[in-house]
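Structure record follows, encoded as C-alpha cells.
When reading the values below, keep in mind they use all heavy atoms of this one structure, side chains included, and skip hydrogens, waters and symmetry mates. Just so it is clear, the model here is predicted, and its values are computed rather than measured.
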Amino acid sequence: MKQSSSFVKRLGFIKPCLFKYFSTRHKPQTLFRRMMLCHNTSLLENTTDWTLPKSAYIHIPFCVRKCLYCDFAVVAGTTNLNLYDTYIEHLLKEIETTLSYFKRKYQKLPALETLYIGGGTPSVLSYIHLQRIVDKLQQYVDFAPTSEFTVEMDPGTFDLSKARQFRNLGVNRVSIGVQSFDDNLLKLCGRSHNSKQVYMAWDILRTAGFTNLSLDLMSGLPYQSEEIFRDSIEKAISLDPEHLSCYDLIIEQSTPFGKKYQSGVFPLPSEDEAACMYILASSRLREQGYEHYEISNYGKPAYLSKHNQTYWKNQSYYGFGMSATSYTEMKRFTRPRKLVSYFEWVKQLEKRKGELECPQESLREQAVDTLILGLRMKQGISLNTFTKLYGQSISQLVIDASQPWITSGHMLEIYNRNGQLEGLALKDPEGFLLQNSILISLLEKSLWTTNSSTYPVTLS
C-alpha cells in the first residue's frame with residue numbers, strides 16, 4: 001500500500017466511491033508526504049513500550065518494469081547488482097542508525113509483530129540481500145513468535161529455489177501483484193507478466209510451503225468491463241487465496257496513464273460502472289467466506305493483514321528505505337523519493353545520530369488521521385478510545401455529525417451488551433461507496449470548519 005500528500009488529496013479523488021487513504025498495496029509512504037505541526041512534547045516524556053513501534057515497513061524500489069499507472073518511487077529496468085548492493089548498504093545504515101537511536105533512548109525495544117517488505121518488486125533481490133536486512137534488524141529487535149513477515153513478489157521474478165529460500169528466512173506471507181487475469185489488460189497496463197505466469201507463480205509459492213498468500217486485483221482499468229472484472233474475481237477465487245486486495249485505478253497526472261486518460265471518461269469506466277465492480281467484488285467475495293474487513297481488503301477469518309491494521313489503527317511503525325514513511329514519537333516522516341537524495345539523507349541521518357528533523361503531529365492531526373483511517377475498517381472507530389485520546393467534546397461532535405448518515409443507512413451505530421453506544425462504522429457497501437463524502441461531512445462538522453481546514457475546538 002502507499003501513502004498520500006494533503007487533506008485535499010486525501011479527500012478529493014474523483015471517485016468518491018473508491019477513495020483510498022492508502023492507495024494500492026500496503027505502503028503508507030505515498031500518503032503522508034506532508035509535514036506535521038508540533039504539539040506538547042511532554043506527552044513523550046514517559047513513553048512506554050506500547051508507544052514504540054511493533055511494525056516495520058521496508059521499501060525496495062527496484063522493478064522489472066514501471067507500470068503505466070504507477071507513481072510510486074521505483075527504479076525500473078535495471079539489473080545492476082552494484083546498484084542493488086549500494087542501495088542495500090544505505091538501507092542497512094539507516095536501519096542501524098535509527099534503531100541505535102531508539103535503543104539509546106528507550107533501552108529495550110518491543111519485538112516486531114509485523115514486517116512488510118514492499119516496493120517496487122522486492123522479489124528481484126537475492127536471498128542474500130534479504131538475509132542481510134533481517135540480520136540487521138535482529139541486531140536491535142526480536143521478532144515476536146507469531147510475527148507476520150510479508151514480502152511482495154511479482155510473477156516471473158522468482159523460481160522455486162528463491163521462494164524456498166525466502167520461506168526458510170522466515171517469510172510467512174506473500175503478497176502477489178496479479179492486478180488482472182486478462183492478458184490484454186496486463187499488456188495495456190505495462191505489467192511485466194501474463195496470466196500464465198500468475199498460475200506458475202502461485203504453484204511455486206504453494207509448493208514452497210506458503211500457507212498465507214494475498215492476491216492483488218485492480219478495477220477501473222481502461223477498456224475493463226464488469227464482465228472482464230468478474231472473470232478475474234472468479235479466477236482469483238479458484239486459486240483459494242487467504243487474502244485479497246481489490247483496488248480501483250487512480251489516475252495520477254505524472255504517469256503515462258495520467259497523460260492519456262481522464263477519470264470517468266471512456267475508455268475508463270464511468271463512476272457508476274466502477275461502483276458496480278466494487279459491489280461485485282464485495283458481494284462475491286463475502287459469499288465465498290471472505291471478511292470485507294477494510295474498504296479494499298478481504299480475508300479469511302484468520303488471515304486479516306496484521307501489518308496493514310497497524311496503519312488503519314493509526315499506530316506507530318518504523319519505515320526504512322527510499323520514499324518510506326515512518327510514524328515514530330508522533331512524527332510522521334517520508335524519506336526522499338530519489339536514490340541520490342535518499343543516499344545523501346542517510347548520511348545526514350548518521351550525523352544526527354538517528355534523530356529525525358521533523359515536527360510532531362498535533363493532537364488535532366492525530367484525531368483527523370484516526371477518524372479517516374478507522375472508518376476504512378469494517379469495525380469502525382471505538383468511541384471510548386476516541387474520547388480518551390481527544391476528549392468528550394470532539395467525540396460528541398463526530399457522533400452528532402454522523403446522525404444524517406445513520407438515518408440514510410450509510411453508517412452504523414455499534415452498541416455493547418448494556419445498550420451503550422461504543423462505536424461508529426461505515427455500512428458495507430453503502431457507506432464504503434460514499435466514504436469520501438461522509439468523511440468530508442464528518443470533518444467539517446467536528447474537526448474542520450465548513451470553509452477551511454482549521455479546527456473549531458481546541459485540543460490540548
Side-chain angles (χ1 to χ4, degrees), residues 1-3 5 25-36 52-53 55-63 66 71-76 78-106 109 112 114-122 124-126 128-141 151-152 307 316-361:
M1 247 177 113
K2 313 228 174 199
Q3 303 159 7
S5 52
R25 286 186 277 209
H26 319 272
K27 304 157 189 164
Q29 53 273 38
T30 358
L31 285 179
F32 298 111
R33 291 179 194 153
R34 75 195 193 288
M35 301 296 280
M36 303 301 184
L52 292 169
S55 295
Y57 171 79
I58 295 177
H59 188 71
I60 305 299
F62 304 109
C63 274
K66 187 167 185 177
D71 77 332
F72 299 158
V74 301
V75 178
T78 181
T79 56
N80 185 338
L81 294 182
N82 289 332
L83 183 59
Y84 286 11
D85 290 340
T86 301
Y87 179 79
I88 295 299
E89 288 298 331
H90 284 83
L91 174 65
L92 297 179
K93 182 57 68 175
E94 184 196 353
I95 293 172
E96 178 181 342
T97 304
T98 300
L99 295 183
S100 293
Y101 162 79
F102 280 103
K103 198 91 168 180
R104 288 194 307 272
K105 188 169 183 179
Y106 301 106
L109 304 181
L112 286 182
T114 75
L115 172 61
Y116 195 104
I117 300 182
T121 307
V124 301
L125 294 183
S126 69
I128 298 300
H129 288 129
L130 206 63
Q131 176 77 66
R132 295 185 67 196
I133 293 171
V134 172
D135 287 348
K136 180 61 67 174
L137 286 169
Q138 289 181 325
Q139 289 179 22
Y140 299 91
V141 292
V151 174
E152 290 182 353
H307 184 81
S316 59
Y317 54 90
Y318 300 111
F320 302 111
M322 186 179 91
S323 84
T325 291
S326 58
Y327 186 34
T328 58
E329 298 184 312
M330 298 183 190
K331 297 176 181 179
R332 206 181 294 275
F333 181 79
T334 300
R335 287 136 189 81
R337 288 172 56 85
K338 301 292 184 182
L339 275 178
V340 173
S341 299
Y342 170 67
F343 293 162
E344 179 58 33
W345 177 83
V346 172
K347 293 177 183 177
Q348 295 303 315
L349 184 69
E350 287 184 85
K351 292 180 180 179
R352 297 192 304 273
K353 297 183 178 181
E355 185 168 6
L356 291 176
E357 287 187 338
C358 173
Q360 295 171 305
E361 277 197 328

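- Residues A324 and G319 come closest through the heavy atom pair CB-C, 4.0 Å.
- Within the 4.5 Å cutoff, side-chain heavy atoms of L349 are placed close to those of R352.
- F102 CZ to L109 CG: the interatomic distance, rounded to the nearest 0.5 Å, is 8.0 Å.
- With a 4.5 Å cut-off on side-chain heavy atoms, I58 and I95 count as touching.
- Expressed to the nearest 0.5 Å, how far CD of Q348 lies from CD of E344 amounts to 5.0 Å.
- Interatomic distance, CG of L81 versus CD1 of I88, reported as 11.5 Å (0.5 Å rounding).
- Here the side chain of H59 pairs a donor or acceptor atom with the backbone of A73 at under 3.5 angstrom.
- Remark: the Q131 side chain and the D135 side chain contain an N/O donor-acceptor pair separated by less than 3.5 Å.
- Within the model, atoms OG1 of T97 and CZ of F320 stand 10.0 Å from one another, a figure rounded to the nearest 0.5 Å.
- Side chains of H307 and L115 form no contact here, defined as non-hydrogen atoms less than 4.5 Å apart.
- The main-chain N or O of N80 is found under 3.5 Å from a side-chain atom of T78 such that the two form a donor-acceptor pair.
- The heavy-atom pair separating T334 from S323 by the smallest distance is CG2-O, 3.5 Å.
- For the side chain to side chain contact (heavy atoms under 4.5 Å, CB included) with I60, the qualifying choice from V75, T121, L130, I133 is I133, the only one to do so.
- Counting only distance, with no hydrogens or angles, the side chain of R332 and the backbone of C358 share no donor-acceptor pair below 3.5 Å.
- Ion pair E96/K103 not flagged as a salt bridge, since none of the NZ, NE, NH1 or NH2 atoms sits closer than 4.0 Å to an Asp/Glu carboxylate oxygen.
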**Report entry** side-chain contact (heavy atoms from CB on, under 4.5 Å) evaluation trace for H90 with Y342
**Finding:** CA-CA 8 Å; H90 284 83; Y342 170 67; 4.1 Å; yes
Report task. For Y84 and F62, run ring pair (Phe, Tyr, Trp, His ring centres under 6.0 Å): C-alpha distance rounded to whole Å, both residues' side-chain angles, the deciding distance at 0.1 Å, then the answer. Result -> CA-CA 8 Å; Y84 286 11; F62 304 109; 4.4 Å; yes
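- Distance check, rounded to the nearest 0.5 Å: CG of L99 to CD of Q138 gives 12.0 Å.
- Taken from CD in E361 to CD in E329, the straight-line distance is 13.5 Å, to the nearest 0.5 Å.
- P336 and M322 get closest at one heavy-atom pair: O-CG, 3.2 Å.
- Side-chain contact check for S326 and R335: at least one donor-acceptor pair (N or O, by modelled atom type) lies under 3.5 Å.
- Here the closest non-hydrogen pair linking T328 and P53 is CG2-CG, 3.6 Å.
- Of the N and O atoms on the side chains of E94 and Y318, not one donor lies less than 3.5 Å from an acceptor on the other residue.
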Requested in this report: Assess whether side-chain contact (heavy atoms from CB on, under 4.5 Å) is satisfied between I117 and Y57, documenting all intermediate values.
Outcome: CA-CA 6 Å; I117 300 182; Y57 171 79; over 6 Å; no
Report task. Run the numbers on L339 and Y87 for side-chain contact (heavy atoms from CB on, under 4.5 Å), then give the verdict. Result -> CA-CA 8 Å; L339 275 178; Y87 179 79; 3.5 Å; yes
Report task. Tell me, with the steps shown, if K105 and E355 meet salt bridge (charged side-chain N to carboxylate O under 4.0 Å, His left out). Result -> CA-CA 10 Å; K105 188 169 183 179; E355 185 168 6; 5.7 Å; no
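- Between F343 and T86, some side-chain heavy-atom pair lies under the 4.5 Å cut-off.
- Side chains of S55 and Y116: no donor on one and acceptor on the other come within 3.5 Å.
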Report task. Verify side-chain contact (heavy atoms from CB on, under 4.5 Å) between Y140 and S100, making sure each step is shown before the conclusion. Result -> CA-CA 7 Å; Y140 299 91; S100 293; 3.3 Å; yes
